Amino acid sequence: MQEYRFTEIEKKWQAYWEAHQTFHAENDYSKPKFYALVEFPYPSGQGLHIGHPRPYTAMDIVSRKRRLEGYNVLFPMGWDAFGLPTENYAIKNQIHPALVTEKNVARFKEQLQSLGLSFDWQREVNTTDPDYFHWTQWIFIQMFKKGLAYKKEMAVNWCTSCKVVLANEEVVGGVCERCGGEVVRKVKSQWMLKITEYAQRLLDDLAEVNYLDKIKLTQTNWIGRSTGAEVDFQTSSGDTLTVYTTRPDTLFGATYMVISPEHPMIEKWSEQLSNMDEIRAYQEKAAHKSDFERTEMAKEKTGVKLDGVRAINPVNGREIPIFISDYVLMTYGTGAIMAVPAHDTRDYEFAKVFDLPIIEVVKGGDITKEAFTDCATGVMTNSDFLDGLSVEEAKVKIREWLTENGKGHEKVNFKLRDWVFSRQRYWGEPIPMVHCEKCGWVPLPEEELPLRLPDVESYMPTDNGESPLSTLESFIHTTCPHCGGPAKRETDTMPQWAGSSWYFLRYCDPTNRECLASPEALRYWLPVDWYNGGMEHTTLHLLYSRFWHKFLYDIDTVSCKEPYMRRTSHGMILGEDGQKMSKSRGNVINPDDVIKQYGADTLRMYEMFIGDFEKTAPWSPSSIRGCKRFLDRIWALQDLVIDGDGYRDEMLTLMHKTIRKVTDDIESLKFNTAIAAMMALVNEFYASGAVTRGEYRTLLMLLNPFAPHITEELFEMLGYGILNTETWPKYDEKLCVEDEVEIVVQICGKVKAKLMIPMGAAEDVVVPMALEQEAVRAALEGKTIRKQIYIQNKLVNFVAN
RNA sequence: GCCGCUGUGGUGGAAUGGCAGACACCGCGGACUUAAAAUCCGCUGGGGGCAACUCCGUACCGGUUCGAGUCCGGUCAGCGGCACCA
């Protein structure tokens, strides 16, 4: 027998697949289709991470199986290539980010191809390709036309030393990650997308898709729908302050109000407030903190009382003080809250710090110790006409009261916020908008798309926080598409999320120059049947792309409401030390090295065998050898081959059970147990000292999606031809059943004996057999059987004393 | 902090509420070899016993059940996300 030369074999089959375009998805709309999708990578300078092949191999397995099952499979790949790291690299090395991207893409592609993944490379897309972002820009313009894109003053992180806008990630401990300089929140006019307009639909349509429960839950929580009330408080200045509350039932317990430090009323009241200096100082301090630091991380509540303006509780006319505090955000609700310290944890903490009255309005807790927030058991008190009602009853009654008295109304609120769509960066899609003094913001005419990125001298953002594009006079100055007068281009670019929000549509028809993809291609391929990606993308990417898809549905570009029918997720691969892989920890595994040492098939096998697909798993340089050994044993089975295209009688049940196990486990992402079943089968072949050609053939078919190269090679050597044109093995449910089964006999839940019984034997047959067992008789000696439990093919349990 | 997930041998992990530890890795013993590597065979959760066997054991505390790794309540620990990394 020739030795297993994996490098040679893998090269051979990869060349064969490329030459024959084996995995090209035809637009043959008569065949049943299957669209398998993995998240396209960001081509970083580090090259492929050992974690990348995990989801890619998983969906490759599904795709290869589907092809053998007769589907026309679309399994595409592309590059999410705009982004901060490339830009930062370009700044540092003064290389055009397009060149950096090109180099990184070439490396990534080579690495992916060496894994033998069955991508259709004819459909490769790249978000930085003008032919691609043409349509990203087109979608933005459609959104603008429908009123979904608007400008708004929003805070950004501003490094006072580098004079650049920083990503949240670049702000570490309140200072700039690169220079350690002070970071402040600076207000800029930003493009926003109205995702909130789709909040209810994004929530409702989760019912129509098959996502993992935890993914649906995460989306639901992120959208954060709550039903509460808006309540109007009159102020001593004669204004109205509207608050949003989910607990209008506790209105009688409102002992003060808190408004966000950015609340516009403060400026209006500046004349009447005697402590404006103190207020401004606090606003300044709050401006340094992120929302996250202000709300969730805050250990101690801070704030300033507004001296000179007070509010009146509409339900009882009581005057209450107004504070500003950074735990109230302008971006949620109305930017103002009524504080009910007795029944809200944050209000309670705040009231303790400022020594404010705490009035119990829901009985059931001990408000001298902590806020009582339980809505299920409480009973209303100190609340006039609400007294004695349950919380739920009180909510209904107070809403009625508010409406009747014109003091407020029911209000549904979402945690979801509109999408900040501008970046003061170079390496992103230019926003195709022009500002005209006369006409305001005007979109570029569609025939002028794509609006390309011009070359600039420096990729550094400017001193005033504008994008590098703003230094380019030739880019900025243009004419208004509407009136023809002088106008200026938008110089901000889009976030990386833009390109990834619709890439799966482009794969359907990647070279179309007339539209983002032909309606026929979209109708045939959509929706994506199975999309696998990381849990870290469950909120932003998944929600953003669902939002864009729904918009495209509304403007009749796509014909289905939801883009992805099924969504699953994979766990990360950690370093050997159980930590995230990183250069600084020195625990990085390079996939090229692994392929060189063991081959792509072994790497694929190990990544699938490493553990539960959905959980994180530490890399083990010794465990991978087990997978190499397994493939060696598969290879060496050649020496055990005996004649016979069928299965031997003694192997029949095991063969059928293994086919069933592998078939089912692939569908439920249990690749590790599928491999274990094949290992057990191979162990049986070795134990019996032989394998028939037919048994070997089936094993190779089952293993093919996992280890495509070695299986094609052996299939050919056995004289069966080309494997990937064959049909996935079938099993017979009846033949999966053994004649006999071992059951256990328990006394009070403890195993006392085991016995073989005919499969499916009835209780009245098995119980006497069980009672005859020596150990059972001994254990029952002098005892009375009180109860007997019989579980068919599993156990008999005697409860006795 | 909030939301979510996870916790099983020396290690990765397996187990529709029904024999805990499948399948592997590591380790140990043996075969082959001048030797080593590779390969093959065997053992391998812990305690006790010459042995048949027996007791303990799925992070911790409690509950439901004939029976709990699995379901319920609570605690602790680790991981992930928290809107400009993607």
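All values below were derived from every heavy atom in this structure, side-chain atoms included, with hydrogens, water molecules and symmetry-related copies excluded. Naming: A, B, ... by sequence-line order, numbering from 1 per chain. What you see is a predicted model; the values in this text were computed from it and never measured.
- In RNA chain B, runs of at least 3 stacked Watson-Crick or G-U pairs (N1-N3 plus N6-O4 or O6-N4, or N1-O2 plus O6-N3, all under 3.5 Å) give these stems: B:1-7 with B:76-82, B:10-12 with B:23-25, B:27-31 with B:39-43, B:45-48 with B:53-56, B:59-63 with B:71-75.
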Pairs under 3.5 angstrom, nitrogen or oxygen only, protein versus nucleotides 8-15 of chain B, please.
from	atom 1	to	atom 2	distance (Å)
B:G12	O2'	A:Ile610	O	2.4
B:G13	OP1	A:Thr616	O	3.4
B:G13	O3'	A:Asn672	ND2	3.4
B:A14	OP1	A:Asn672	ND2	2.9
B:A15	OP1	A:Lys670	NZ	3.4

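- Applying the 90° criterion around 0 to the glycosidic angle, B:G48 comes out anti.
- Nearest-nucleotide positions on RNA chain B place A:Cys627 closer to the 5' end than the other of A:Val156 and A:Cys627.
- Taking the ring pair (Phe, Tyr, Trp, His ring centres under 6.0 Å) definition, one finds that A:Tyr89 meets it with nothing, sequence neighbours left out.
- Applying side chain to side chain contact (heavy atoms under 4.5 Å, CB included) to A:Arg660 and the options A:Asp664, A:Thr658, A:Thr663 leaves one that passes, A:Asp664.
- For the pair A:Lys750 and B:C56, the criterion of a side-chain N or O lying under 4.0 Å from OP1 or OP2 is met.
- In this structure, the side-chain contact (heavy atoms from CB on, under 4.5 Å) partners of A:Thr218, at least two apart in sequence or on a different chain, are A:Met535, A:Thr538, A:Thr539.
- Evaluation of the ring pair (Phe, Tyr, Trp, His ring centres under 6.0 Å) rule for A:Tyr503 yields A:Phe40, A:Tyr507 as partners, not counting sequence neighbours.
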**Request:** Tell me, with the steps shown, if A:Glu39 and A:Arg567 meet salt bridge (Lys or Arg N to Asp or Glu O under 4.0 Å).
**Result:** CA-CA 11 Å; A:Glu39 288 168 344; A:Arg567 169 82 184 190; 2.9 Å; yes
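- Summarising the local packing, NZ of A:Lys214 is surrounded by more than 12 heavy atoms from other residues, nucleotides or ligands at distances under 6.0 Å.
- Relative orientation of the A:Trp427 and A:Phe82 rings is perpendicular, given thresholds of 30° and 60° on the angle between their planes.
- Applying the salt bridge (charged side-chain N to carboxylate O under 4.0 Å, His left out) test to A:Lys661 and every residue at least two apart in sequence or in another chain returns A:Asp665.
- A sub-4.0 Å separation between OP1 or OP2 of B:C26 and a side-chain N or O of A:Arg629 is present.
- Using a 4.0 Å cut-off, no side-chain N or O of A:Arg346 falls inside it from OP1 or OP2 of B:C2.
- Proximity of A:Arg625 to the phosphate of B:A38: a side-chain N or O atom is located under 4.0 Å from OP1 or OP2.
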